[in-house]
Amino acid sequence: MRQYLWPTVLCLILWLLMTAVFPVWWDIRYVPNLLLAGILVLAVTDISFRWFWWAVLAGAVLDVEASLLFGSYALMLPLLYIGVRMTFLKLVPADRIYLALPGAYIAASAFLAIWVSVYGLLARQVGWPIEPIPVYTSPGAWVVSVATGAILTLVIYTAWLEVLHRVDRPLRLRR
């Protein structure tokens, strides 16, 4: 049970920051997707694939929060989790994670934005009575949001490693 406590705390804190704290300071278009950043950090540090279900749960929460057709986030976040985990496990050495993690956030944000747009268009073509959300309403806001999210992903990763090192056994890094 203890192995699921810290990922739960991380996801709840990031979700609260993303939905309640950051929109007070910034316009909602500039708020980065901190839950995506947290899922990417969990994917990079997950050795035994035990935190995968947080990607599924986070996708469902983001679908409900954004009032989107179910599957907009709930399908893509688990796929991103698996893709990032396998990429970092096989291709990225442990000493290059700090360089590759912001790039992973930028790529994941782009894939997620494209997926939400395409999924909405496909659902509309099939006959679902929904309007696809305009993901790229302001390219400048998207760039600022993604750049802020990439930097905050590194902050979350560093804090997460510190928490794991302090309260749990030290994280074993790959060669």
Side-chain angles (χ1 to χ4, degrees), residues 1-26 28-89 92 97-98 100-113 115-116 119 133 135 142 145-173:
M1 186 66 174
R2 185 175 165 190
Q3 64 185 353
Y4 298 111
L5 174 68
W6 293 112
T8 305
V9 170
L10 176 72
C11 288
L12 283 175
I13 288 172
L14 293 177
W15 180 72
L16 285 173
L17 282 173
M18 185 178 75
T19 58
V21 176
F22 282 175
V24 172
W25 295 325
W26 300 322
I28 193 69
R29 294 174 300 167
Y30 294 103
V31 174
N33 192 342
L34 291 180
L35 207 48
L36 174 63
I39 294 301
L40 294 179
V41 168
L42 289 178
V44 168
T45 58
D46 188 9
I47 294 172
S48 62
F49 208 68
R50 62 182 176 207
W51 299 328
F52 170 75
W53 297 107
W54 288 113
V56 176
L57 183 63
V61 166
L62 288 175
D63 277 344
V64 170
E65 178 188 355
S67 299
L68 294 174
L69 182 63
F70 191 78
S72 298
Y73 289 110
L75 291 176
M76 193 57 167
L77 276 184
L79 292 175
L80 286 173
Y81 185 94
I82 292 170
V84 166
R85 183 176 185 276
M86 292 301 148
T87 301
F88 275 76
L89 186 65
V92 179
I97 289 178
Y98 282 105
L101 198 56
Y105 179 83
I106 292 168
S109 295
F111 283 136
L112 197 58
W115 170 253
V116 168
Y119 192 69
I133 62 171
V135 177
W142 188 81
S145 172
V146 170
T148 307
I151 293 167
L152 288 175
T153 303
L154 287 178
V155 172
I156 294 166
Y157 177 71
T158 305
W160 180 246
L161 287 182
E162 188 65 28
V163 166
L164 283 183
H165 182 70
R166 297 280 181 200
V167 299
D168 206 0
R169 66 182 182 276
L171 180 68
R172 299 187 191 278
L173 296 176

For a quick test of reading the model, state the closest non-hydrogen atom pair linking [X] to [Y] and the distance between them.
| X | Y | answer |
| --- | --- | --- |
| A150 | Y105 | N-CD2, 3.4 Å |
| R85 | A43 | CG-O, 3.6 Å |
| T19 | E65 | CG2-OE2, 2.7 Å |
| C11 | W54 | SG-CB, 4.4 Å |
| S72 | Y119 | OG-CD2, 3.3 Å |
| D63 | Y73 | OD1-N, 2.8 Å |

Flag the pair [X] / [Y] as yes when at least one side-chain heavy-atom distance between them is below 4.5 Å, and no otherwise.
| X | Y | value |
| --- | --- | --- |
| S109 | N33 | no |
| L42 | W160 | yes |
| V84 | I39 | no |
| L101 | V41 | yes |

Output side-chain donor-acceptor pairs under 3.5 Å for residues 76-83, partner residues at least two apart or in another chain, one line each.
| from | atom 1 | to | atom 2 | distance (Å) |
| --- | --- | --- | --- | --- |
| Y81 | OH | D46 | OD2 | 2.5 |

What's the separation between atom [atom1] in [X] and atom [atom2] in [Y], rounded to the nearest 0.5 Å?
| X | Y | atom1 | atom2 | result |
| --- | --- | --- | --- | --- |
| L40 | Y157 | CG | OH | 12.5 Å |
| T8 | L12 | OG1 | CG | 6.5 Å |
| L112 | L62 | CG | CG | 8.0 Å |
| L161 | I156 | CG | CD1 | 12.0 Å |

Legend entry - Residue pairs fulfilling side-chain hydrogen bond (donor to acceptor under 3.5 Å, both in side chains) with at least one residue in residues 147-156, sequence neighbours excluded: none
Inset, instruction - Name all residues meeting the side-chain contact (heavy atoms from CB on, under 4.5 Å) criterion together with V155; count only those two or more places apart in sequence or in a different chain, and write none if there are none. - result: none
Inset, instruction - Sort out for me which residue in F52, W53, W51 forms a ring-ring contact (aromatic ring centres under 6.0 Å, His included) with F49. - result: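 Per the ring-ring contact (aromatic ring centres under 6.0 Å, His included) rule, the option paired with F49 is F52, out of F52, W53, W51.
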Inset, instruction - Assess whether side-chain contact (heavy atoms from CB on, under 4.5 Å) is satisfied between I97 and V92, documenting all intermediate values. - result: CA-CA 7 Å; I97 289 178; V92 179; 4.2 Å; yes
